[in-house]
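We count residues from 1, following the sequence as given. Small disclaimer: the values here were computed from a predicted structure and weren't measured.
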Amino acid sequence: MTEPEQPRFTWSESPVPDGIPVTQVYLWALDPDDGRVLIQDRGLSLVRPHSLPGGRPEPEDGGDPLRTAAREAMEESQIRIDAERAVYLGYQLVEGDPKRPGPYAQTRYAVPISGYGPIGPDPDNGRVNRRFMTSLDRAPELLAWGEHGRAQAAAAKRAGAALGIPVDDPAPDGYRDGEKARYLVCNDYGMGALWWWVQARGAREIMERVADVVVIHRVETVRQAEDWDLEEVDIDASDPNPLSDPKAKRDEQRRRPGFGACVGRGTVYFRRPWGESGHTPWIGEDGETHYLYEIGEDGYRTRQVVEFAEGPAQKTSEDDWLFNPPFDLYEPEWAEYEIDRSEFETAWDAAVPAPDYED
C-alpha cells in the first residue's frame with residue numbers, strides 16, 4: 001500500500017508572496033507582565049493536544065489578519081489581544097497537501113495579551129481549551145512542530161523583547177483558566193517588607209490600583225514564596241483589607257495631573273532634585289544636588305548621574321548598585337521632571353565614574 005503524500009512545511013520570516021493564499025492566522029500570545037506564552041491545552045484525546053490560538057479568516061474579518069487573530073483568540077482561548085502592538089513574524093508555506101491543491105500560507109504574529117476572560121467552550125466545536133502559560137523556550141517542545149516551531153518561538157522571543165515583555169525571565173509554568181491570576185506582591189521593598197499573594201487580572205492592574213508595591217516575577221523568589229504561608233488578597237476585596245491603605249493612596253494620586261504619564265513608554269529619563277521625598281530639593285553646604293535617571297519600562301534604573309553644585313558629576317550603572325528597587329512611575333511627580341534622552345546622554349558623557357568606596 002502506498003503511503004499518502006505528506007504536506008511539506010517551510011518557514012519564512014518574509015512577507016507572504018503575491019498569489020499565495022493565507023488560510024490560517026496563528027498567534028504567539030504573550031503575557032506582558034510575566035513573559036509567558038499561551039499554549040492551548042486541548043486535551044490528551046487529540047493527536048496534537050497543544051496548539052496556538054488561531055484559525056481561518058472569515059468574511060466578517062474584512063481581509064484583516066489581525067481581526068481574524070483577535071476573533072479566534074477570543075473564541076478559542078477567551079483572551080483579548082493588543083492588536084496595535086502585534087508584530088508580524090513570518091509565514092509557514094504548506095505544499096503537497098492532498099486535501100488542498102496548490103501551496104498556501106499560515107501566518108504567525110507575536111502579540112501582547114491585554115485581558116483574560118474565564119475559559120469557556122469554543123463556539124466552533126464546543127471544546128474548552130485550557131490556557132497553559134509557559135516559556136518560549138519550552139513552547140516548541142509542547143507544540144511538537146520541530147525545527148519550524150523552534151524558529152517561530154525564537155522569532156517570537158525577539159519580538160517580545162523588543163516590546164519590553166520579560167520573555168527572557170518568564171514566570172513559572174502554570175494554567176491561567178480564570179479571569180484573575182495570583183501574583184506575588186511586596187510592599188516597601190527592602191527591610192521590613194510586607195508580602196502577599198494578590199488575585200488580579202494582571203500585574204499592570206495591581207500597579208495601576210495599588211501604590212508602593214512591587215509585583216515580583218523572579219522565578220526563584222516566586223517558588224520560595226510558596227512556602228512562606230502568605231496571606232492571599234483579592235484586589236476587589238471590600239475594605240478593610242491589607243491593600244486598603246495603598247489603594248487609597250493610589251486613588252489620591254490618580255486625581256492629580258501627571259498620574260501614570262511616564263508608564264508604558266519604554267525607557268524614560270528624568271532630572272530630579274534630591275530629597276527624602278524624592279522630589280524636594282536638598283540644599284547642602286555646596287548648594288542643590290540633582291539626580292539624573294535612565295529608567296526602563298519596568299521601573300528599574302539602568303544608569304544614573306549625580307550633579308553636585310561644585311565638582312564633577314558622577315555616574316553609576318546597575319552593576320554598581322547592590323540594591324536597585326524599582327521606581328513607581330505612576331506617581332504624578334515624575335512627569336514634572338522628565339527630560340529627553342539627549343540631555344541625559346550629554347550629562348552622562350561629561351560625568352566621571354563614581355568612586356568605589358569599598359577600596
Side-chain angles (χ1 to χ4, degrees), residues 31-35 113-116 164-166 169 171 176 178-265 268 270 272-280 291 293 295-301 321 323-338:
D31 189 298
D33 297 322
D34 62 31
I113 298 170
S114 60
Y116 297 83
I165 298 173
D169 187 23
R176 174 82 186 259
E179 182 181 14
K180 295 178 181 177
R182 190 176 73 160
Y183 295 88
L184 181 61
V185 174
C186 177
N187 171 261
D188 190 20
Y189 194 75
M191 296 296 293
L194 300 174
W195 298 76
W196 309 285
W197 294 111
V198 175
Q199 289 282 347
R201 298 166 189 84
R204 186 178 183 116
E205 181 187 32
I206 297 172
M207 296 302 299
E208 288 177 346
R209 297 179 60 185
V210 186
D212 301 329
V213 298
V214 181
V215 180
I216 307 299
H217 297 298
R218 188 167 179 264
V219 174
E220 182 179 351
T221 304
V222 173
R223 287 175 176 162
Q224 290 174 345
E226 297 286 353
D227 299 324
W228 293 353
D229 193 26
L230 300 177
E231 182 175 0
E232 190 159 320
V233 187
D234 193 296
I235 197 167
D236 296 319
S238 58
D239 295 327
N241 65 71
L243 301 181
S244 296
D245 288 343
K247 284 175 68 177
K249 180 176 179 179
R250 186 62 103 210
D251 289 340
E252 185 277 327
Q253 292 174 337
R254 189 175 288 106
R255 293 190 289 268
R256 289 154 48 194
F259 174 77
C262 301
V263 173
R265 294 171 39 210
V268 284
F270 305 92
R272 296 188 67 158
W274 177 250
E276 290 186 3
S277 66
H279 56 85
T280 301
Y291 278 59
Y293 299 114
I295 301 178
E297 189 163 1
D298 56 3
Y300 288 90
R301 57 189 165 150
W321 308 315
F323 299 104
N324 184 24
F327 291 102
D328 185 355
L329 294 179
Y330 284 92
E331 292 180 355
E333 293 84 4
W334 283 105
E336 179 182 351
Y337 298 109
E338 186 175 6

Inset, instruction - Identify the two heavy atoms, one from V215 and one from A203, that lie closest to each other, and give their separation to 0.1 Å. - result: CG1-CB, 3.8 Å
Legend entry - I206 side chain near R201 side chain, heavy-atom distance below 4.5 Å: no
Legend entry - Lys/Arg N to Asp/Glu carboxylate O, E336 vs R272, below 4.0 Å: no
Legend entry - Aromatic ring proximity Y183/W197, centre distance under 6.0 Å: no
Legend entry - Set of residues satisfying side chain to side chain contact (heavy atoms under 4.5 Å, CB included) with respect to R265, sequence neighbours excluded: C262, V268, E338
Inset, instruction - Under the salt bridge (Lys or Arg N to Asp or Glu O under 4.0 Å) rule, collect the residues that match up with D251, sequence neighbours excluded. - result: R254
Inset, instruction - Would you name the heavy atoms of A211 and Q253 that are closest together and state the gap between them? - result: CB-OE1, 4.1 Å
Inset, instruction - Give a yes or no on whether a salt bridge exists between R204 and D33, defined as a side-chain N under 4.0 angstrom from a carboxylate O. - result: no
Inset, instruction - Mind listing the closest non-hydrogen atom pair of Y116 and E179 along with its distance? - result: O-CG, 3.3 Å
Legend entry - Pair D245 + R250: basic N to acidic O under 4.0 Å: no
Inset, instruction - Run the salt-bridge test on D236 and R209 with the 4.0 Å N-O cut-off and return the result as yes or no. - result: yes
Inset, instruction - Can you see which heavy atom on D298 is nearest to which on P326, and at what distance? - result: O-CB, 3.9 Å
Inset, instruction - Indicate the ring-plane relationship of W228 and W195, choosing parallel, tilted or perpendicular according to the 30° and 60° boundaries. - result: perpendicular
Legend entry - Qualifying residue, where the test is ring-ring contact (aromatic ring centres under 6.0 Å, His included) with F270 and the options are Y293, F327, W334: W334
Inset, instruction - Provide the closest heavy-atom pair for V185 versus V213 in the form atom of the first, atom of the second, distance. - result: CG1-CB, 3.7 Å
